[in-house]
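The structure appears below as structure tokens.
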There are 4 protein chains.
Amino acid sequence: MDTAATEGVEGHRRVTRPRADAVRNRERIVAAAREMFVETGADAPLDEIARRAGVGNATVYRHFADRAELVRQVVLSVTERIAGQAETARAEEPDAFAALRRFVHAAADERIGALCPVLSDGFDQNHPALLAARDRLEKSIEGLMEQAREEGMLRADVAVGDLMVALSQLSRPLPGIPCPDIDRFVHRHLQLFLDGLQAPARSELPGSAATFEDLQRKP
Amino acid sequence: MDTAATEGVEGHRRVTRPRADAVRNRERIVAAAREMFVETGADAPLDEIARRAGVGNATVYRHFADRAELVRQVVLSVTERIAGQAETARAEEPDAFAALRRFVHAAADERIGALCPVLSDGFDQNHPALLAARDRLEKSIEGLMEQAREEGMLRADVAVGDLMVALSQLSRPLPGIPCPDIDRFVHRHLQLFLDGLQAPARSELPGSAATFEDLQRKP
Amino acid sequence: MDTAATEGVEGHRRVTRPRADAVRNRERIVAAAREMFVETGADAPLDEIARRAGVGNATVYRHFADRAELVRQVVLSVTERIAGQAETARAEEPDAFAALRRFVHAAADERIGALCPVLSDGFDQNHPALLAARDRLEKSIEGLMEQAREEGMLRADVAVGDLMVALSQLSRPLPGIPCPDIDRFVHRHLQLFLDGLQAPARSELPGSAATFEDLQRKP
Amino acid sequence: MDTAATEGVEGHRRVTRPRADAVRNRERIVAAAREMFVETGADAPLDEIARRAGVGNATVYRHFADRAELVRQVVLSVTERIAGQAETARAEEPDAFAALRRFVHAAADERIGALCPVLSDGFDQNHPALLAARDRLEKSIEGLMEQAREEGMLRADVAVGDLMVALSQLSRPLPGIPCPDIDRFVHRHLQLFLDGLQAPARSELPGSAATFEDLQRKP
DNA sequence: TATGAATGAGATTTCATTCAT
DNA sequence: CATGAATGAAATCTCATTCAT
């Protein structure tokens, strides 16, 4: 009560300032979780995540109500970092397809593939914060693809969802195989896939172009 | 298999009954397991697999010593079916790249993607029966790729391991997303990837070409 | 499959005959749970219940999907036994109030008090099997009270819910106090309460008469 | 209390500040705990109690060494309030049985029933402060009962422990059922029970009369 | 032989209690 | 002194595997 009052004097901050060590712990937990998801898969034991983060297991539950919330934070965090990569690539690369190439490889390095296994079971794809981050990402990629098409560098029959799904799949960790090993291949295969995206089309694509909504829709 | 034959040799009891229902049970179990691995992932409960196969859980253990052995049989079964597809494609298609395209799509339909989650933990990639099946598959694909390269339809810097890894990744089920939904995309993305494999190369590939040995080697 | 066929020859029984030891285990678990609920309260650890029943903890979960279902079975079991007591009392006692007295004491001996802690949290009062058992019990008690009123032995302003709630409350275990100790008092207090039920009324009762529906209705 | 006084004697710092807010906090905590015990049961989470009291959880531990001490304070507080009710009733009511009736209903309103679930496990019934409060209460009730017996309004075979146990049991909250609902019945049943206490006895009571010592004795 | 039942080890989650700000 | 954060111990529940019919 006293401290809160003291705080209130200077603060527009919510109520009380979040403690420095608590913030650090929270970040460490998210980082450890992302690593574990990449290595072990989406069902990595929470106790192990806590151990890696250097905290007790209950501390994880102080920061995240349950496993689902931790997963959501990891997804959110990675999505935001990737959106940043997309924006940087767009700003710094000379042409749109070059920006797409750079984004794709950067997203792989950010472990976008780790998000896939994580989408299991009861994952709420429609959480507000997540939708916002996705929207931001979608806008960037869609802009890049539009421009690349105009520049004649991208075949007309692929959509943003096609790119995102393939990118995620190709950079997914192979469970039980350590990252350095799989990383040897990932960038090769992304490069091959990007080559396939360049016009002109060699073959007719089956199915319909995938959009971001397709990825969000749960059955 | 062995036991049934041996039994027939010496047995006066029940004479030459090859245990038709036991064989059928075994097949049903493998089929159910493959389905579950595709739908639910590699950690599908054995009890559920047994239920789907219409047998008691203990029956699974009569046929397969433990979970690892069941997984191995599924992998073996799928590998053999895929090898068959490769041989058929080679025999029936006019040119090698057309055969590769056909094989790739056929393998996706055979749920080659189900094999990936299966690589988890302590999976023994070097089991004799498995090595034989892989060898047979490798021979076919390698032959097809060699020929396609000679026909000027395949860029020179990709190896059999590149194709197999990318094929597996792109056709992996997205956990929590039902097969029909993901199937809508898989063939599109495989087609795009195949387009990227066709010469001439648009970009330089990073890393080194992947071989089958790369996939077998466990750390 | 074979055994099932063999079974089918003679059987109208459901599918397969429940194993003798499984039935015994199930009964032991319910009995142990009832004891524990009486002694420790409704949140008695399942592991402890399993230990008392002489089975592993997972066995409890084979018979009852979760804690709630076990609780429901205990409630059902006690309700049915008590309904039986009511019917016996009605048949064997000379007058209705004597039958009520006998029923009340018998219900206490059957640990009707154990049912109270059981009403906690998410207990589904409206489960079909439970409603049926309650209905049977209600019919008996209502009949007894009606008759007792006609015989001039029961004041007119009490209803079946009044009796059941008071009976349950007065025979509830005092947590932390062993049964033998509390049992010393229970029958005294029930007797006093029954004396209060006999006409003529000494005082006016506040509130409204409680019915069985009052007890079932959840907020 | 002690500390505040001592502080005032020697302290130049802050002079005679009796820590008004600390006292208020302590009272709020006890009140919140009593409410929670009534609503949720004896195992109400301390964090929730703290939240209701509008303090941090650690503040609870500043005032009460552990959960047992908080529980003891709640019991003590309720006991003292009830003792007060008994004395008031004795002073203001015309005859002893009327005073008993008034006391019983007042005690129910003071949530004497909340004390029962609280007696669980390792509750130390023999703590000095508690014994004193009980003694005070016992004296009052015993006096009332003695006098009522002399006035021919109370059957001879009931003792103070009988009344206290029955009163506590009948006013216990039914877990999972909100107070307003159960309160509808409590006063009815207390009234019925009191009617049963009035002479002449309709039936012979089993067991022996309960005294306060019976309630205190732990096994 | 095939089956339902049983089991212990492990995962998630909660909570009384201690620590650091 | 008061607080939010941290913690380990315990409770619920799941599942691969073994046992008994």
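Just so it is clear: chains get the letters A, B, ... in the order the sequence lines come, proteins before strands, and each one is counted from 1.
Closest of all the heavy-atom pairs between D:Ile29 and D:His63 is CD1-CD2, 4.0 Å. What you find for A:Ala42 and A:Arg67 is that their closest heavy atoms are O-NH1, 2.6 Å. Shown here for A:Ile49 and A:Ala32, the closest heavy-atom pair between the two residues is O-CB, 3.8 Å.
Using a 4.0 Å cut-off on heavy atoms, none of the residues of residues 44-52 of chain C approach DNA chain E.
Whole-Å rounding puts the C:Asp43 CG to F:dA11 P distance at 10 Å. A straight line from CZ of D:Phe64 to P of E:dT17 spans 13 Å, rounded to a whole angstrom. We find that CD of D:Glu69 is positioned 16 Å from P of E:dA16, with the value rounded to whole Å. Summarising the geometry, the separation between CZ on C:Arg28 and P on E:dA5 is reported as 16 Å, rounded to the nearest angstrom. Counting to the nearest Å, the P atom of F:dG4 and the CZ atom of A:Arg26 are 17 Å from each other.
Contact check on A:Glu27 versus A:Arg24 returns no salt bridge, with no Lys/Arg side-chain nitrogen under 4.0 Å from an Asp/Glu carboxylate oxygen. Ion pairing between a basic and an acidic side chain is recognised when a charged N comes within 4.0 Å of a carboxylate O; B:Arg52 and B:Glu39 show such pairing.
Remark: side-chain polar atoms of C:Asn57 are not paired, donor with acceptor, to backbone N or O of C:Val60 under 3.5 angstrom. Here the side chain of D:Arg28 pairs a donor or acceptor atom with the backbone of D:Ala53 at under 3.5 angstrom.
Side-chain nitrogen and oxygen atoms of A:Thr59 include at least one within less than 4.0 Å of the OP1 or OP2 phosphate oxygen of F:dT7. Within the 4.0 Å cut-off from OP1 or OP2 of E:dT1, not a single side-chain nitrogen or oxygen of B:His63 is found.
In this structure, B:Glu35 and B:Val38 have side chains that are not in contact, with every pair of non-hydrogen atoms separated by 4.5 Å or more. Residues A:Gln73 and A:Arg26 meet the side-chain proximity criterion, which asks for heavy atoms closer than 4.5 Å. Side-chain contact between A:Leu70 and A:Leu46: present, with at least one pair of heavy atoms (C-beta onward) separated by less than 4.5 Å. Residues A:Arg72 and A:Phe64 fail the side-chain proximity criterion, which asks for heavy atoms closer than 4.5 Å.
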Restricting to nitrogen or oxygen on both sides, can you table the protein-nucleotides 18-21 of chain E pairs closer than 3.5 Å?
none

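Between D:Asp66 and C:Asn25, the one whose closest nucleotide on DNA chain E sits nearer the 5' end is C:Asn25. When the nearest nucleotides of DNA chain F are assigned to C:Arg67 and B:Arg67 by heavy-atom distance, the more 5′-ward of the two goes with C:Arg67.
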Exercise. Give the dot-bracket string for DNA chain E, reading 5' to 3', where a pair is Watson-Crick or G-U wobble with both distances under 3.5 Å, ( ) marks pairs inside the strand, [ ] marks pairs crossing earlier ones, | marks a partner on another strand, and . marks unpaired.
Key: .||||||||||||||||||||
